There are 4 protein chains.
Amino acid sequence: MTDAVSTIDVAVFGAGRIGKIHAANLARQPGVRLKYVVDVNREAAAALAAQHGAQVADIDGAIGDASIGATVICSSTDTHADLIVKSAAQNKHVFCEKPVDLTMERARMCAEAVERAGVVCMIGFQRRFDPTFAALKARLDAGEIGTPEMLVVTSRDPGAPPVDYIRRSGGIFKDMLIHDFDICRWILDDEADTLHATGSCLTDPAIADAGDIDSTAVTIRTKRGRLCQINTTRRAAYGYDQRFEVLGSTGMLQAGNIRPTEVTAYSETKVSTDVPEAFFLERYRAAYALEIAHFFDAVTHGKPVRTTVADGLKALELAEAATRSWREGRAVKLGEAA
Amino acid sequence: MTDAVSTIDVAVFGAGRIGKIHAANLARQPGVRLKYVVDVNREAAAALAAQHGAQVADIDGAIGDASIGATVICSSTDTHADLIVKSAAQNKHVFCEKPVDLTMERARMCAEAVERAGVVCMIGFQRRFDPTFAALKARLDAGEIGTPEMLVVTSRDPGAPPVDYIRRSGGIFKDMLIHDFDICRWILDDEADTLHATGSCLTDPAIADAGDIDSTAVTIRTKRGRLCQINTTRRAAYGYDQRFEVLGSTGMLQAGNIRPTEVTAYSETKVSTDVPEAFFLERYRAAYALEIAHFFDAVTHGKPVRTTVADGLKALELAEAATRSWREGRAVKLGEAA
Amino acid sequence: MTDAVSTIDVAVFGAGRIGKIHAANLARQPGVRLKYVVDVNREAAAALAAQHGAQVADIDGAIGDASIGATVICSSTDTHADLIVKSAAQNKHVFCEKPVDLTMERARMCAEAVERAGVVCMIGFQRRFDPTFAALKARLDAGEIGTPEMLVVTSRDPGAPPVDYIRRSGGIFKDMLIHDFDICRWILDDEADTLHATGSCLTDPAIADAGDIDSTAVTIRTKRGRLCQINTTRRAAYGYDQRFEVLGSTGMLQAGNIRPTEVTAYSETKVSTDVPEAFFLERYRAAYALEIAHFFDAVTHGKPVRTTVADGLKALELAEAATRSWREGRAVKLGEAA
Amino acid sequence: MTDAVSTIDVAVFGAGRIGKIHAANLARQPGVRLKYVVDVNREAAAALAAQHGAQVADIDGAIGDASIGATVICSSTDTHADLIVKSAAQNKHVFCEKPVDLTMERARMCAEAVERAGVVCMIGFQRRFDPTFAALKARLDAGEIGTPEMLVVTSRDPGAPPVDYIRRSGGIFKDMLIHDFDICRWILDDEADTLHATGSCLTDPAIADAGDIDSTAVTIRTKRGRLCQINTTRRAAYGYDQRFEVLGSTGMLQAGNIRPTEVTAYSETKVSTDVPEAFFLERYRAAYALEIAHFFDAVTHGKPVRTTVADGLKALELAEAATRSWREGRAVKLGEAA
């Protein structure tokens, strides 16, 4: 582990919630040094930089510094594509939060830039690194339940974000289900052939006014005939619900929620346990740490990353298909002329 | 309960698996007497009759006997309609296993015959009587989780029936999902607006050769925008899997499987419990007893039944829509010209 | 099963709660006929007799009837010994509720009477017939967890009986833990060497005034050094709690409670399931049916019973030792001069 | 949190398993600096020191350094007393692993030294800081289940340490149950009145040859009549088992094990989950971090610690009473002349 005489210097873009997580995690990697924090909010950038002995920089200053080996992009979605392209042009390895972009066109441009530069580009589908999900996948790959046949994904947020956010989010399929589409491809180990999506606005009429929905039901049939159903809501009163189960030819594997504590209480009328971890920062705490470690391990040792920009494109493609299916009220075939 | 000086005499049609269950259950009802067993297999009829001190009869003999107050129809699906119509014509109350018939036309004919005669006609959607499902429904109706928004139904058989059976079954949607469609209407308390069904043949190519599938993924959107996803398979290696969960505006209710025992075993590598009850006869043992008690209670006291012939028609309508959706690869609107 | 041309006629003593259970269960056995119900409360006897087409009799009339093949003793504890001795003297097989008697002397007299007559005498330790407990025992015997080393028994009633009952009960160890002592011997497959019991009166001072306690902690060390801990209370606010777990050299087996339904509810603050079945009539419903079937199967086919009068004596011996240990505040050795 | 201009310098004694844990955790505390690592094994000391930018020192060098504010004692048990006394004499705050010492006499001497010096002395009963245990305790204190009445502690190691270790360990009650005795006092919020301990050597005869046992069953009755049963083994084949449950007057609270993942697998014969976390380093990872944070918070802000040297004495007293009870085969009264 400590053969590394060299240290990799990193610039983080975005000093918000997820930027703070990644900054703290990468600061803990041996051989990795957080050099710059970049944020349009200079105060936020300064606070995060101070916490880790880093400096504030602007985009060009950070990417233009030849000593920077990698960028970690956690800024708002509309900045992703530019930062990826710029980073690649300067030969920096890139870790970028999902989604790559809200349009396929720009996302493809990113893929090409990364390809051309020959840099590592990892997309932050952190769920693949969740210990429970990863263990399930490893057991599936080891053949424990035979061939996967059906996947049921339950993916529910504890509450809707502000309508302002929703308006700029690209819609629920790109903003929220992008993760679930990645899970589908990853677990069923196959590409979508047809997709049907429907949904409703059930929690807040303001979401409908913004042209979006808050509850969705998606079905994907893969090229090999495997089936996936995804159910989501922006508002699960009991918290953040992140489960999936995969039926195989010889058994089933379920990935359950994680509870803050293992206390069970018996009252006169019920036996109760904790509700699941509150939201993604808590639920995926370990996953965030593991994905960053994976990224720097890949960068340092020239190994491939598990969640590539191609995975980002595929998930986005499914999100676009879902949006179309929902809007047009029909099943769509992947690859059909849009 | 024992005000009844009068006893109701009953004829059972069908001495197979489910006929035996119903015969045993009705024989235990106070004020109910099993008088006739009818089956094309006279030997089976004789054996069942002997067990309960009843007699063997043929259809007309049984229905023609003025002392018979009710018929219990557990014979093969293609006989249901005739027996319902004949029973109604002779003023007998009817309990009939699902489905009413494989065609909407004949099913409607049954509904009319029953209506005309003014007799009770209950369809055997026994799941509504399962103590777990019924308790969930009661708590939902009591407002425990607010308004229902999404329903996920997992309904998996432990193994496919013989292909011969499948060929005559009307297809998986009418044969197997008919129960799940009833659950959907019952739990979401709303009628379907659109439906999308897809599926695959993943377990045995002979099923595809018979023009059917063994794995399905159905989505229903109701008139009020509530969402339901149903996933089914003919072959779950771990047994009979019968769960559903309903998300409401203020919480969630899940109905889980039942285990034969509550033994938990800790080995060096895992902590394990029993797989679920093996199949429907075991899983719904209590439900079968309760539905028959409900039927005779309704008949005796002139009360409405909980699962009417209208419910049978509605479930069949959904099964037809699902078949069409699957065959045509598109979402369908309920009530559209077929 | 129906080779039996002969029918066995039975007299039931005691028309209370448990008498009703046994009467209903034995009435369902093929080849068994409830002929007499005996109770000092003639009205209760008449009601129960009527329900099963039996007659009311007095003790001598019932036992004196040569056609009676077996007696089922569910009357109050102080009548058990007399009824066992009388039944045996008239060559009737005997099923008797626990305990055999409150004194070792009279219990031994019963054992001798039964031995002399060569009749079957089964003691109602119904827990051994509970499907969960029996499955655990079978798996233990099959070597699933190696050699048993430690047993933890949790045995809690939902509420104390009236103090009047407690006063005549022989004390908590004879009245309540007698079942747990039987479980200990059955599961650890060894006899007690030393025993320590302590306890407190924590729920109702009236119990202390009656010279008893309501909460106990018992430890048994067997001849082979296996360990058993039993914890009991008369009052578990959440209901009837009947669990045990056995640690073996290669694993552990736990027997859990049974819930009325498998509904799980998610609210904003907790995930909850049902409390356990309310009390012994519900919790051991299946066990009661199975033990009666076992008794008549043994009687009819000349097979040994699983819970003999010797088991009754052994459990009573432990209850006496526990009482002494608690009263004298010291560990006692089984078999020491009392 | 960062008002602290001052930094507290720390010396860690012991560079073994637990020393490494504490060193890493304290290095993460803001305002805390690991200055010295002391170990008879200089190589181990050097490695640990290097990892955290600290220096190697000997005992007197470390304690004699006026800049050192606190010592963290993780060396072998026989060194604890000396190091506590020396630290206190030099006015250092002390965090010391359990047990304080193997003899009451020397443990009391430590308590006096600490008292005299007026320094903070915290004993490493890390279980009180486990999030599950701490949440249970908080809910108990909040009155959720009324008054505590009974406690059942299951405390099982995955395998016995080398016999050499056992020989020097002070016996199972001082080495292993010391934690459980602390749990008993903490949860039942009362002091022991009488104690009974028994046990066996069931896993390895070499343990008996060393004069010790590997399986114990302890019962404690408190001054207010509350009951506690503890069952332990050195060898649970399925791993590290750390549970307890407390019955209160109006309910029950259970603290369960933690699993590495939340995967559930359904095979043809069983439904299984992970065995518990492997051993104490994994199981109490969070607890170790929280207790060190608590210690430095107390030291920095002059707050009392939750697990004092007095708690260490009390637990040791129970361990001695248990040893005596087991050796003499009798219940003992706490405070009786030894």
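Each chain gets a letter, A, B and so on, in the order the sequences are listed, and its residues count up from 1. For clarity, every value in this text was computed on a predicted model and none was experimentally measured.
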Of the backbone (N, CA, C, O) and the side chain (C-beta and beyond), which part of [X] lies under 4.5 Å from a heavy atom of chain B, both, or neither?
X	answer
C:E144	side chain
C:D130	neither
C:R139	side chain

Tell me the closest heavy-atom pair linking C:T261 and B:P131, and the distance in Å.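 It is CG2-O, 3.8 Å.
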Rounded to the nearest 0.5 Å, what separation is found between the CD1 atom of B:I258 and the CZ atom of C:R259?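 These two atoms lie 10.5 Å from each other.
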Decide if atom CD of C:E268 counts as having more than 12 heavy atoms of other residues, nucleotides or ligands within a radius under 6.0 Å.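 12 or below, so no.
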Does atom NZ (C:K20) have a neighbourhood of more than 12 heavy atoms from anything else shown, all under 6.0 Å?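 It does not: C:K20 NZ has 12 such atoms or fewer within range.
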Side chains of B:Q254 and C:Y266, heavy atoms from C-beta outward: is any pair under 4.5 Å?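 Yes, at least one pair of side-chain atoms sits under 4.5 Å.
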Heavy atoms only, distances under 4.5 angstrom: which of C:V263, C:L253, C:T273 has the most pairs with chain B? Name it, please.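 That would be C:V263.
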Please answer whether the main-chain N or O of C:E262 pairs with a side-chain N or O of B:T132 as donor and acceptor at a distance below 3.5 Å.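 Yes: the side chain of B:T132 pairs with the backbone of C:E262.
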